[in-house]
Q: 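Take a look at this one; I'll ask things after.
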Amino acid sequence: MSQRWLVFTALALGCAPSTRPRPSIDPVRLQPALESQFARSAAAWNRGDLDAFMSDYARDSLTSFMSGGHLHRGDDFIRSHYAPLFGPGANRDSLRFEEFQVRPITGDFALVTARYILYRNGEISASGPFTLLMQHRPEGWKILHDHSSSD
């Protein structure tokens, strides 16, 4: 997968380059920063805080989510997909991330690959790889596209 293709994909997703100066991404600093962000995301999941978990996604209708072989658009869909797991009495396994890798693409974009692990009582209940296209925005790094698979 070429860097040109990833930038084209970002543009096709409606992420036109901004006119503001692009910061230079230091991959040495970006990796731990995003790992920390996703540790907070897992903690939000584990405590049942849907708003905090969803805060990593770009809040717009072009944010895309691919799961189960289907592409869905909009942060509203993503929220509705996860909401039943956060309702009163919901049965939600604990979450952690492994094999976390960050690849800067441009000053505003990064590709993240990792593996999610859902577990209960020390046993893995579900896991799988995911790929994220992220954009740095004034409010921080946000997910523009999430492609999650299950093992």
Q: Can you check whether Glu99's main-chain N or O pairs, donor with acceptor, with Arg115's side chain at less than 3.5 Å?
A: no
Q: Roughly how far, to the nearest 0.5 Å, is the CD1 atom of Ile143 from the CD atom of Gln135?
A: 12.5 Å
Q: What are the two closest heavy atoms between Ala110 and Val102, and how far apart are they?
A: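 Closest approach of Ala110 to Val102, heavy atoms only: CB-CG1, 4.3 Å.
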Q: With the 4.5 Å side-chain cut-off for hydrophobic clustering, are Phe38 and Ile117 part of the same group?
A: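 Different clusters: Phe38 never reaches Ile117 through Ile, Leu, Val, Met, Phe, Trp or Tyr contacts under 4.5 Å.
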Q: Are Arg137 and Asp60 ion-paired here, with the side-chain N under 4.0 Å from a carboxylate O?
A: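 Counted as a salt bridge, because a side-chain N and a carboxylate O are separated by less than 4.0 Å.
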Q: Testing the 3.5 Å rule here: is there a donor-acceptor pair between the side chains of Ser64 and His145?
A: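 There is such a pair (donor and acceptor under 3.5 Å, judged by atom type) between the side chains of Ser64 and His145.
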Q: Is there a continuous path of hydrophobic side-chain contacts, each under 4.5 Å between heavy atoms, that joins Tyr119 to Phe130?
A: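 No, Tyr119 and Phe130 fall in different hydrophobic clusters.
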Q: CG of Asp108 to NE2 of His136: how many Å apart, nearest 0.5 Å?
A: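 With rounding to 0.5 Å, CG (Asp108) is 8.0 Å from NE2 (His136).
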Q: Would you give the length of the straight line joining atom OG of Ser41 to atom CG of Asp49, rounded to the nearest 0.5 angstrom?
A: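 Nearest 0.5 Å value for the OG-CG distance: 10.0 Å.
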Q: Counting neighbours of CD on Glu139 that are heavy atoms of other residues, nucleotides or ligands and sit closer than 6.0 Å, is the number greater than 12?
A: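 Atom CD in Glu139 is packed in, count exceeds 12.
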Q: Provide the closest heavy-atom pair for Ala44 versus Ala52 in the form atom of the first, atom of the second, distance.
A: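 For Ala44 versus Ala52, the nearest heavy atoms are CB-CB, 3.6 Å.
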Q: Out of curiosity, Thr131 OG1 to His147 NE2, how far, rounded to the nearest 0.5 Å?
A: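 Answer rounded to 0.5 Å: 7.0 Å.
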Q: Do the non-hydrogen side-chain atoms of His72 and Ile78 ever get within less than 4.5 Å of each other?
A: no
Q: Before accepting this row, confirm whether a basic side-chain N of the pair Arg40/Asp56 lies closer than 4.0 Å to the acidic partner's carboxylate O.
A: no
Q: For Pro32, give me all partners under side-chain contact (heavy atoms from CB on, under 4.5 Å), at least two apart in sequence or on another chain.
A: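 For Pro32, no residue satisfies side-chain contact (heavy atoms from CB on, under 4.5 Å) once neighbours in sequence are set aside.
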Q: Out of curiosity, does Phe77 fall in the hydrophobic cluster containing Trp45 (side-chain heavy atoms, cut-off under 4.5 Å, transitive links)?
A: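 Yes: a chain of side-chain contacts under 4.5 Å links Trp45 to Phe77.
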Q: Answer yes if the side chains of Thr63 and Arg59 hold a donor-acceptor pair under 3.5 Å, and no otherwise.
A: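 No, no side-chain donor-acceptor pair sits under 3.5 Å.
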Q: What pairs with Asp75 under side-chain hydrogen bond (donor to acceptor under 3.5 Å, both in side chains), at least two apart in sequence or on another chain?
A: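 Asp75 satisfies side-chain hydrogen bond (donor to acceptor under 3.5 Å, both in side chains) with no residue once adjacent residues are dropped.
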Q: State whether the number of non-hydrogen atoms from other residues, nucleotides or ligands found under 6.0 Å of Arg47 atom CZ is greater than 12.
A: yes
Q: So, taking the atom named CG in Asp93 and the one named OG in Ser127, what distance separates them when rounded to the nearest 0.5 Å?
A: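 With rounding to 0.5 Å, CG (Asp93) is 11.5 Å from OG (Ser127).
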Q: Report whether Phe53 and Leu34 are members of the same hydrophobic cluster (ILVMFWY, side-chain heavy atoms less than 4.5 Å apart, transitive linking).
A: yes
Q: I'd like to know whether Gln31 forms a side chain to side chain contact (heavy atoms under 4.5 Å, CB included) with Phe100, so could you lay out the CA-CA distance, the side-chain angles of the two residues, the decisive distance to 0.1 Å, and finally the verdict.
A: CA-CA 8 Å; Gln31 174 87 22; Phe100 199 88; 3.9 Å; yes
Q: About how many Å separate OH of Tyr116 and CG of Asp151, when rounded to the nearest 0.5 Å?
A: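 Here the rounded value is 7.0 Å.
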Q: Taking all non-hydrogen atoms of both residues into account, name the closest pair between Ala58 and Leu144 and its distance.
A: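 Reported closest heavy-atom pair: CB-CD2, 3.8 Å.
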Q: Checking the side chain of Gln37 only, and the main-chain atoms of Trp141 only, is there a donor and an acceptor separated by less than 3.5 Å?
A: yes
Q: Should Tyr57 and Met66 be counted in the same cluster of Ile, Leu, Val, Met, Phe, Trp and Tyr side chains packed under 4.5 Å apart?
A: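 No: no chain of side-chain contacts under 4.5 Å links Tyr57 to Met66.
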Q: Taking all non-hydrogen atoms of both residues, which atom of Leu85 and which atom of Arg92 are closest, and how far apart?
A: O-NH1, 2.7 Å
